2 protein chains.
Amino acid sequence: MKRYSGQTRMLVATDCIIFGFDGQELKLLLIKRGFEPEKNKWSLMGGFVRENEGFETAAARILHSLTGLKDVYMEQLYAFGEPHRDPVERTVSIAYFTLLDIHQSGLQLSNDFHAEWIPLRKLPALIFDHRRMVQTALDRIRYKAAIHPLLFELLPPKFTIPQLQILYEAVYDVIFDKRNFSRKVLSTGLLIKQKDKDKLSSRRGAFYYKLDKRRYNAKFNAFLNFVADPGKL
Amino acid sequence: MKRYSGQTRMLVATDCIIFGFDGQELKLLLIKRGFEPEKNKWSLMGGFVRENEGFETAAARILHSLTGLKDVYMEQLYAFGEPHRDPVERTVSIAYFTLLDIHQSGLQLSNDFHAEWIPLRKLPALIFDHRRMVQTALDRIRYKAAIHPLLFELLPPKFTIPQLQILYEAVYDVIFDKRNFSRKVLSTGLLIKQKDKDKLSSRRGAFYYKLDKRRYNAKFNAFLNFVADPGKL
DNA sequence: GCAAAAGTGTTACTAATACACCCATGG
DNA sequence: CCATGGGTGTATTAGTAACACTTTTGC
């Protein structure tokens, strides 16, 4: 026996929902699709899974081809497989989402895809079911970041607590009390205070912190309560 | 243009991880695989996704063909796609997990698959990567049930608080204090006390409760804290 | 010296834990 | 009348939320 008989074979793709944070708002890395149909329309970065490649490998390859980055936070989001989601032929998509530091030095956008960072609040129309993918990813991030230290993946290695607070406020679209916020994040024991300050956003300057990698890895999956009840989700 | 050129097409399957609870322990519904390779080995119930079928439809069809049930709790678990997970040919699997009341009247196992309810503690060897699927499903259930009222899906419409507690204790393999447990679940406001009692497991009898469907649906996604810190997961 | 952002402490309230006795019933 | 499991209350502790003033420093 060589193959299963009488079954439909389908294209399998992965699409990457790539989030970044510029210090003020959440952004998505989108491309202009390079081939028909829907050529030159805004799209998530994606590609077909190859013959000898797993999903994660494919997603990492696709992310790398656009950004030049490896070792980025990436997580399987959901498998989308409605029969006519791609009008050309049956294509299922295993979507991955990625959080990365938008200002990191290694990030070098390829010219091949006409990629741009687009603020989430100004999302253009996207091809196929990509809008739904983005919404699913956002929901997931809001859910997960309420309990796990996920959003640190969007920040540079050194960051200040006010920066972190702006990030949380952007993700949940609420305002937090800075005393309670600071107490809460420090109480996780994940942050190490640095001796130097960021002087860019205030005269006084705000102390930098770094993640304690050891504890971060150990506690990532514990329930940490960063956000009380995130708008009942 | 009719098709994308130069890409590999693959079989797409769904596998169903079907959980039940017999009042004492968690069980999995497994079948004896009916065709080569690995014929007659223990396997999850699965099947190929058809040409004009989405994943959820396929999973529901497969579940129905085994159990006769529709409208069962079912959730996409994860997409498994390692290149050689099926030795015959490249097959990706979108796994779904299901929670159902093992004693419900509608449940009628098909004879075609030699299915059996197997206690999770006595799992036999499974084909392919099915063991990993089961582990992933268990992890997901333990995670989700700690914060959401998920496990009610395993119980009959009328159940007692001691029954509920036994279920939680089976899932997390710990013992809870019955006073605190009862206060916790009642404080969610999801349970409606009935006037009749279950007299099967004690002379005194335990009051039945039913889910308040309205509040259950409304609060399902809120963070409800059924289990404090589920073993740091 | 003033504008702008950083940093910090206390109190009130709510939730979680630990713990022990009485109740109802069938045999 | 006793064995079995069901049901309940309280005190302590930990966590969360609300709230306002002082510090630093570049201009």
Side-chain angles (χ1 to χ4, degrees), chain A residues 23-24 146-149 155 158-170 172 174-210 219 222-232, chain B residues 23-24 146-149 155 158-170 172 174-210 219 222-232:
Chain A
Q24 290 305 126
I147 348 184
H148 304 290
L155 293 174
K158 278 166 57 175
F159 53 87
T160 70
I161 291 189
Q163 282 167 9
L164 184 63
Q165 182 169 350
I166 291 166
L167 170 56
Y168 272 86
E169 291 177 342
Y172 292 99
V174 291
I175 302 295
F176 296 105
D177 179 275
K178 65 176 172 175
R179 292 160 289 189
N180 294 335
F181 182 84
S182 142
R183 191 181 317 109
K184 201 170 241 187
V185 299
L186 291 174
S187 78
T188 62
L190 298 178
L191 301 189
I192 304 171
K193 192 174 191 169
Q194 305 301 112
K195 294 202 171 105
D196 50 337
K197 286 181 163 187
D198 165 53
K199 308 276 292 181
L200 294 173
S201 57
S202 77
R203 312 209 188 286
R204 183 179 178 180
F207 280 104
Y208 281 119
Y209 287 80
K210 282 188 182 175
K219 285 191 167 186
F223 284 49
L224 287 174
N225 263 48
F226 285 90
V227 180
D229 193 348
K232 274 93 191 173
Chain B
Q24 291 304 127
I147 350 185
H148 304 290
L155 293 174
K158 278 165 58 175
F159 53 87
T160 70
I161 292 189
Q163 281 167 9
L164 184 63
Q165 182 170 350
I166 291 167
L167 170 55
Y168 272 86
E169 291 178 341
Y172 292 99
V174 290
I175 301 295
F176 296 106
D177 178 274
K178 65 176 172 175
R179 291 161 290 190
N180 293 336
F181 182 82
S182 144
R183 191 182 315 110
K184 199 171 242 186
V185 299
L186 291 174
S187 77
T188 61
L190 299 177
L191 301 190
I192 304 173
K193 192 173 189 170
Q194 305 302 113
K195 294 199 171 108
D196 51 336
K197 287 182 162 185
D198 165 53
K199 308 274 292 179
L200 294 173
S201 57
S202 76
R203 312 204 188 288
R204 183 181 179 179
F207 279 105
Y208 280 119
Y209 287 81
K210 281 188 184 175
K219 284 191 165 184
F223 285 49
L224 286 175
N225 261 50
F226 286 90
V227 181
D229 194 347
K232 275 92 190 172

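All values reported here derive from a predicted model rather than from experimental measurement. Residue numbers begin at 1 in each chain, while the letters A, B, ... track the order of the sequences. Excluded from the calculations below are hydrogen atoms, water molecules and symmetry mates; all remaining heavy atoms, backbone and side chain alike, are included.
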- Verify, without hydrogens or angle tests, whether A/His148 (side chain) and A/Phe223 (backbone) share a donor-acceptor contact under 3.5 angstrom. no
- Query: Taking only side-chain nitrogens and oxygens of B/Lys197, does any of them come within less than 4.0 Å of OP1 or OP2 of C/dT25?
  - Reply: no
- Item | Atom-pair distance (CD1 on B/Ile175; C1' on D/dG5), nearest Å | 15 Å
- Can you tell me if A/Lys219 uses its side chain to pair, donor with acceptor, with the backbone of A/Leu190 under 3.5 Å? no
- Query: Is B/Lys199 side chain donor-acceptor paired with the C/dG26 base, going by distance under 3.5 Å alone?
  - Reply: no
- Query: So does A/Asn225 get a side-chain nitrogen or oxygen closer than 4.0 Å to the phosphate oxygens (OP1/OP2) of D/dT16?
  - Reply: yes
- Task: Let me know the distance between CZ of B/Phe176 and P of D/dG5, rounded to the nearest Å.
- Result: 20 Å
- Closest to the side chain of A/Arg203, out of D/dG5, D/dT8, D/dT25, is D/dT25
- Message: Below the 4.0 Å mark, does D/dA18 have OP1 or OP2 next to a side-chain nitrogen or oxygen of A/Asn180?
- Response: no
- Item | Listed nucleotide nearest any side-chain atom of A/Arg179, set D/dG26, C/dT8, D/dT8 | C/dT8
- Query: When you measure from the side chain of B/Asp177, which nucleotide among C/dG7, C/dC19, D/dC19 comes out closest?
  - Reply: C/dC19
- A/Phe176 backbone acceptor or donor facing A/Glu169 side chain under 3.5 Å: yes
- Is A/Lys178 side chain donor-acceptor paired with the C/dA6 base, going by distance under 3.5 Å alone? yes
- Query: What integer distance in Å separates A/Phe207:CZ from D/dT23:P?
  - Reply: 15 Å
- Assert: residue with more 5' nearest nucleotide on DNA chain C, out of A/Ser201 and A/Lys193, is A/Ser201
- Looking only at atom types and distance, does a side-chain atom of A/Tyr209 sit under 3.5 Å from a main-chain N or O of A/Leu186, one as donor and one as acceptor? no
